[in-house]
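Quick notes on the structure that follows.
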There are 2 protein chains.
Amino acid sequence: MAPRKRGRRAGISRESVLQAALDVAANDPAGPVSLNAVARALRVSPMAIYSYFASRDDLLQALTAALLDGLVIAVPEHATPARKIEIWAHAFRDYFLERPQLITMLSWDNGHTSIAWINQSKILMEALESMGLDGPELGETLLWIWSVVMGAIHAELLDKQSPRGMQDWEFEDLDPTMQRGVRFIREAMAAPDHHARLFNFQIARLTDAIERWGGERFARRTLKAAPQDI
Amino acid sequence: MAPRKRGRRAGISRESVLQAALDVAANDPAGPVSLNAVARALRVSPMAIYSYFASRDDLLQALTAALLDGLVIAVPEHATPARKIEIWAHAFRDYFLERPQLITMLSWDNGHTSIAWINQSKILMEALESMGLDGPELGETLLWIWSVVMGAIHAELLDKQSPRGMQDWEFEDLDPTMQRGVRFIREAMAAPDHHARLFNFQIARLTDAIERWGGERFARRTLKAAPQDI
DNA sequence: ACCTGAACACCGTTCAAGT
DNA sequence: ACCTGAACACCGTTCAAGT
């Protein structure tokens with residue numbers, strides 16, 4: 001309560017700032033993590049944080065890394081590549097659903113991809129390689145999987161924190177065809193495991209496509225390598 | 001320049017506010033549309049806007065509707081359902097790429113889905129229905145397509161407005177396996193039509209899966225309807 | 001080196017007052 | 001009814017000053 005004297009050491013550190021940021025994020029998962037809120041939690045002036053982080057962006061980068069560090073994905077060694085991808089995706093989903101702030105910070109807030117995030121994709125990459133993917137195609141597939149997984153999780157979180165409520169008058173403004181569609185959507189979302197089912201479905205289509213696609217590419221490459229000009 | 005007198009009519013209207021908001025959005029596609037910025041463009045006090053819109057949310061809702069109104073998707077009547085979905089998805093992508101603000105406002109800012117947005121999906125729904133989808137399954141498929149299309153476009157825009165630059169020291173901190181992966185990603189993204197190709201690929205997988213899935217469901221339903229107990 | 005305070009340029013919204 | 005101005009509670013960041 002007693003206001004600190006000018007320049008008096010508050011005894012904060014990079015770690016304690018990070019911990020405070022984690023607390024702020026945990027207390028309000030929906031809202032953005034602001035420097036001011038972190039400073040308030042630490043009972044210091046907002047500017048004190050600048051001694052440990054260059055900017056808000058810098059703090060968020062460290063925060064995402066800290067949050068991601070807790071994620072350890074283990075896959076059975078003898079599982080098929082497709083199964084490994086499935087396990088990877090579901091582990092990601094579970095982890096993000098418990099830490100709703102992460103998805104925003106990781107892929108939407110500023111677009112910066114943290115190192116920790118990339119390192120977490122090792123299992124994914126190894127699975128793709130063993131499916132015969134290589135070079136730019138492997139890179140493209142990685143980007144694709146990220147987009148689908150993050151998109152699906154983001155949509156799920158958004159829906160959970162603010163269910164798309166539609167007013168009656170809005171519903172009546174709709175085209176009759178779409179009124180039926182909206183009813184179907186509501187029916188679909190009424191199922192208690194709706195989000196899990198939708199996620200499962202997307203990942204299944206994903207691995208399905210990769211298996212087929214990777215197989216084709218692999219066959220083509222093997223064909224090219226064969227001595228056809230003899 | 002001359003400051004308006006208190007209460008003096010500025011002569012703005014719901015339409016002029018909306019137009020100003022469109023201008024603001026066009027001038028800074030990356031940044032959010034703020035009430036203050038719109039007021040500045042109109043040369044009125046921010047509070048004047050509250051005479052025409054209940055809140056910032058209300059203004060954004062109207063803004064998205066106005067932006068979406070310009071989108072008219074026409075599909076050849078005799079195209080296959082899958083082809084219709086493809087055309088729909090690409091029309092959406094083209095439209096959104098020219099109006100980068102839309103994607104944020106529509107699906108990420110507050111999560112409110114505008115009526116205009118839903119009405120735009122009529123073609124999509126008709127295509128799905130003619131593929132044999134119905135009920136909650138149709139609703140689920142609609143949600144899925146939205147998620148994929150919006151996710152892909154969002155990722156593309158984000159990448160364009162702030163390319164994921166990675167510092168050298170960051171690269172060296174990576175696991176060797178992922179260093180190779182990141183190199184592949186860079187190679188993939190070096191292609192000039194990279195985004196278009198990735199989008200094409202995703203939509204192709206999407207229609208592929210729906211055709212197969214819808215077909216299965218259709219067959220099962222037909223089977224059920226058949227007089228098997230005779 | 002670490003921290004504060006004042007300042008600047010933002011943001012959305014409420015409330016009272018003026019025409 | 002329409003609009004302003006002051007006020008409130010935010011936000012990130014710069015800069016000078018204090019210990």
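What you see is a predicted model; the values in this text were computed from it and never measured. Letters go in sequence order (proteins before strands), and every chain restarts at 1.
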- Can you tell me the Watson-Crick or wobble partner of dA9(C), both distances under 3.5 angstrom?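 Partner of dA9(C): none found under 3.5 Å.
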- Item | Partner nucleotide of dG18(C) by Watson-Crick or wobble geometry (both distances under 3.5 Å) |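 dG18(C) is paired, partner dC2(D).
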What is the distance, to the nearest angstrom, from the [atom1] atom on [X] to the [atom2] atom on [N]?
X	N	atom1	atom2	answer
Asn36(A)	dC8(C)	CG	C1'	14 Å
Leu59(A)	dC11(D)	CG	C1'	14 Å
Arg14(B)	dC2(D)	CZ	P	13 Å
Asp58(B)	dG12(C)	CG	P	14 Å
Leu35(B)	dC10(D)	CG	C1'	15 Å
Ile49(A)	dG12(D)	CD1	P	9 Å
Asp28(A)	dC10(D)	CG	P	12 Å
Arg56(A)	dT14(D)	CZ	P	15 Å

- Task: Enter the distance from Gln179(B):CD to Asn119(A):CG here, rounded to the nearest 0.5 Å.
- Result: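 Interatomic distance, Gln179(B) CD to Asn119(A) CG, rounded to 0.5 Å: 9.5 Å.
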- Task: To the nearest 0.5 Å, tell me how far Ser55(B) OG sits from Leu35(B) CG.
- Result: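 Rounded to the nearest 0.5 Å, the OG-CG separation comes out at 8.0 Å.
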Nearest to the side chain of [X] - [options]?
X	options	value
Met47(A)	dG5(D), dT4(C), dC2(D)	dT4(C)
Tyr52(B)	dG12(C), dT4(C), dC2(D)	dC2(D)
Ser34(A)	dC2(C), dC11(D), dT13(C)	dC11(D)
Ile12(B)	dC11(D), dC3(D), dG12(C)	dC3(D)
Ser51(B)	dC2(D), dT4(D), dG12(C)	dC2(D)

Determine, for [X] against [Y], whether the closest basic-nitrogen to carboxylate-oxygen distance falls under 4.0 angstrom.
X	Y	value
Glu187(A)	Arg183(A)	no
Glu126(A)	Lys84(A)	no
Glu129(B)	Arg180(A)	yes

- Message: With a 6.0 Å cut-off on the ring centroids, do Phe96(B) and His154(B) count as close?
- Response: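 Between Phe96(B) and His154(B), the centre distance exceeds or equals 6.0 Å.
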Residue-phosphate contact under 4.0 Å: [X] side-chain N/O, [N] OP1/OP2:
X	N	result
Ser45(B)	dG5(D)	no
Tyr50(A)	dG12(D)	no
Arg40(A)	dA9(D)	no

- Just call it for Phe53(A): base, sugar-phosphate, or nothing, with non-hydrogen atoms closer than 4.0 Å on any strand.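 Nothing: the residue Phe53(A), judged by heavy atoms under 4.0 Å, touches no strand.
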- Query: DNA chain D: Ala54(A) or Ala37(A), which has the more 5' nearest nucleotide?
  - Reply: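 Its nearest nucleotide being more 5', the pick is Ala37(A).
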- Query: Looking only at atom P, what distance separates dA9(C) and dC10(D), rounded to whole Å?
  - Reply: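 Roughly 22 Å separates the two P atoms.
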